[in-house]
Number of protein chains: 2
Amino acid sequence: MNVQNAQTWQSVQKEVLRRIHAREWKPGDLIPNEAELAKEFRCARPTVNRALRSLAEGGLLERRRKAGTRVAVQPVAKATLNIAVIRHEVEDRGARYGYQLALREVRVAPTHISAALSVGVQERLLHVMALHLSNDTPYALEDRWINTIHVPTAIEQDFRSISANEWLLQSVPYTRGEIAFAARPATAENAKHLNCPENSALLAVNRLTWDHDQSVTAVQVLFAPGHQMRTHI
Amino acid sequence: MNVQNAQTWQSVQKEVLRRIHAREWKPGDLIPNEAELAKEFRCARPTVNRALRSLAEGGLLERRRKAGTRVAVQPVAKATLNIAVIRHEVEDRGARYGYQLALREVRVAPTHISAALSVGVQERLLHVMALHLSNDTPYALEDRWINTIHVPTAIEQDFRSISANEWLLQSVPYTRGEIAFAARPATAENAKHLNCPENSALLAVNRLTWDHDQSVTAVQVLFAPGHQMRTHI
DNA sequence: CAGTGGTCTAGACCACAGG
DNA sequence: CTGTGGTCTAGACCACTGG
């Protein structure tokens, strides 16, 4: 009685994709509504909905109530980068991971840090610098400030065997964050740690995380010259 | 008779998030299965499924058949960057967009390009370099090779008023692509176009797109010094 | 082999926004 | 006001995989 799997949402999506790629539905075109497609594909409307919704999330379709569904004119490519624990990143590449703590201090932060973390300029924060290694060669340099007002337990950690990167992700929850990617010239200090010439072009990832309205940490990770972050569309 | 909206999937998700952030469900914990949660929340199981599925896509939960659903130990942050048409990127920042074609030639490509595009080393390809401007200052330098075997119509375009970036996205479909982010030192030529010192650290985005099994284009976009790509988690 | 997530169905109500 | 997408329900079958 139950005609199961007349269509899967993936099969509907595949056919829709085919029509878009084959230019049967061109960029800007209005495509049939969910009810019509459900009838054509002999499936329930929610099945069509799921297929189209996930294409819309990917930027290939634009959907608006009443206005219907259109093929995106300029599909906005969405590149999703996985920002994992650095140790896992190294190990996933099949390399041996190494870690060296370079600096651990509690002191008043530079104003751009205290401002970013929304703490008083006189507040003393935990500052940690550490080098991550891949097969004994420098992989990334982590420069981190931790808001010890909100994360007092960080003070008890010496970060000599576990990186702040890993400890925080394990121990401190966050509800939102900002990430920025940029290129930066290596300072003399960066160059010393990463064992590269001064002013080398380094890929920098800056993160700022929050737990509700409390800042948690601000970190800059500088990758060794030549490092790439890859993804596919 | 129909008790509509006893719960929305968003409200279920919100409560699940609350429990995770409040450490009621700790990293690594097994959480109740869908049927139990549906009973607790007095909603249908697919509603719970949708809520949990989207959290799993975000990396906060790990789901496996039979094994159940666990709170991720090390939530992998997924940073989604929107790679739009450069003109739109500039205009969305409220700036005036400008465009200058710097080079257009048809010639044999460097081997790393012909290899990436999977075309014969003797094949002549279309090479375009162009500068994108924001309020009359250099914003990004586009260096592109187009596979004219698969996209012969590109030959007819002079790319003097519309960028290859924009024309391709409008005119040529692709089914998949690779994106890589890196930092590179500015060459003398880069520096001339971007009006910056040689060896400046530049953010580079390399893209390679395919239409089924045919390569479409390989492009490197170099952004002016200081450029950031931002996103939130 | 048994429990869990993955998914489909048919029907329904609802929210939003275009005309 | 009306058409479109957004979503929920209750029940069901299925696929995968851990034990």
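Lettering follows sequence order; numbering is per chain, from 1. These figures come from a predicted structure and were not determined experimentally.
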Item to check | Separation of D/dG11 P from B/Glu34 CD (nearest whole Å) | outcome: 17 Å
Item to check | CZ on B/Arg23 to OG on A/Ser171, rounded to 0.5 Å | outcome: 7.5 Å
Next on the checklist: Taking the minimum atom-to-atom distance to the side chain of A/Arg65, which one of D/dG5, C/dA2, D/dA15 wins?
Outcome noted: D/dG5
Checklist entry - Quick one: B/Arg70 CZ to D/dT17 P, roughly how many Å, whole number? => result 16 Å
Checklist entry - Taking CD from B/Gln7 and C1' from D/dG6, how many angstroms apart are they, rounded to a whole number? => result 17 Å
Item to check | Nucleotide nearest A/Thr47 when distance is taken to its side chain, options D/dG5, D/dT2, C/dT9 | outcome: C/dT9
Next on the checklist: If you only use heavy atoms from C-beta on, which nucleotide in D/dC8, D/dG5, D/dG18 is closest to the side chain of A/Asn49?
Outcome noted: D/dG5
Next on the checklist: Which heavy atom of A/Trp210 sits nearest to which heavy atom of A/Ala116, and what is that distance?
Outcome noted: CZ2-O, 3.6 Å
Checklist entry - Do you know which two heavy atoms are closest between A/Val16 and A/Trp25, and how far apart they sit? => result CG1-CZ3, 3.8 Å
Checklist outcome for this item: Rounded to whole Å, CH2 of A/Trp9 lies from C1' of C/dG6 at a distance of 10 Å
Next on the checklist: Heavy atoms only, 4.0 Å cut-off, all strands: where does A/Glu36 land among base, sugar-phosphate and nothing?
Outcome noted: nothing
Checklist entry - Counting side-chain heavy atoms from C-beta on, which of C/dT7, C/dG18, C/dG5 comes nearest to B/Arg63? => result C/dG5
Checklist outcome for this item: The answer to which of A/Asn33 and B/Ala67 contacts DNA chain D further toward the 5' end, by nearest nucleotide, is A/Asn33
Checklist entry - Can you tell me how far C1' of C/dT7 sits from CD of A/Gln13, to the nearest Å? => result 14 Å
Checklist entry - Salt bridge or not for A/Arg53 and A/Glu34, using N-O below 4.0 Å? => result no
Checklist outcome for this item: When rounded to whole Å, the CZ to P distance for the pair B/Phe41 and D/dA10 reads 16 Å
Checklist entry - Name the one of A/Glu89, A/Arg87, A/His132 that satisfies side chain to side chain donor-acceptor pair (under 3.5 Å) with A/Tyr139? => result A/Glu89
Checklist entry - Can B/Lys39 and B/Glu36 be counted as an ion pair, charged N to O under 4.0 angstrom? => result no
Checklist entry - Over its full length, what angle do the end axes of the helix from C/dC1-D/dG18 to C/dG18-D/dC1 make, each axis taken from five pairs and the result rounded to 10 degrees? => result 20°
Item to check | Distance-minimising heavy-atom pair for B/Val205 and B/Met229 | outcome: CG2-SD, 4.1 Å
Checklist entry - Distance check: side-chain N/O of A/Gln10 vs OP1/OP2 of C/dT7, anything under 4.0 Å? => result yes
Item to check | Presence of B/Thr69 side-chain N/O under 4.0 Å of C/dT4 phosphate oxygens OP1/OP2 | outcome: no
Checklist entry - Where is the tightest heavy-atom contact between A/Leu30 and A/Ala67, given as atom of each residue plus distance? => result CD1-O, 3.3 Å
Checklist entry - When only distance counts, do a donor and an acceptor, one from the side chain of A/Arg64 and one from the base of C/dA17, lie under 3.5 Å apart? => result no
Checklist entry - B/Leu52 or A/Arg45: which one's nearest nucleotide on DNA chain C is closer to the 5' end? => result B/Leu52
Checklist entry - Whole Å only: how far is the NZ atom of B/Lys66 from the P atom of D/dG19? => result 7 Å
Item to check | Integer-rounded Å distance: C/dG5 C1' and B/Glu57 CD | outcome: 14 Å
Checklist entry - Are any of B/Arg50's side-chain N or O atoms less than 4.0 Å away from OP1 or OP2 of D/dT7? => result yes
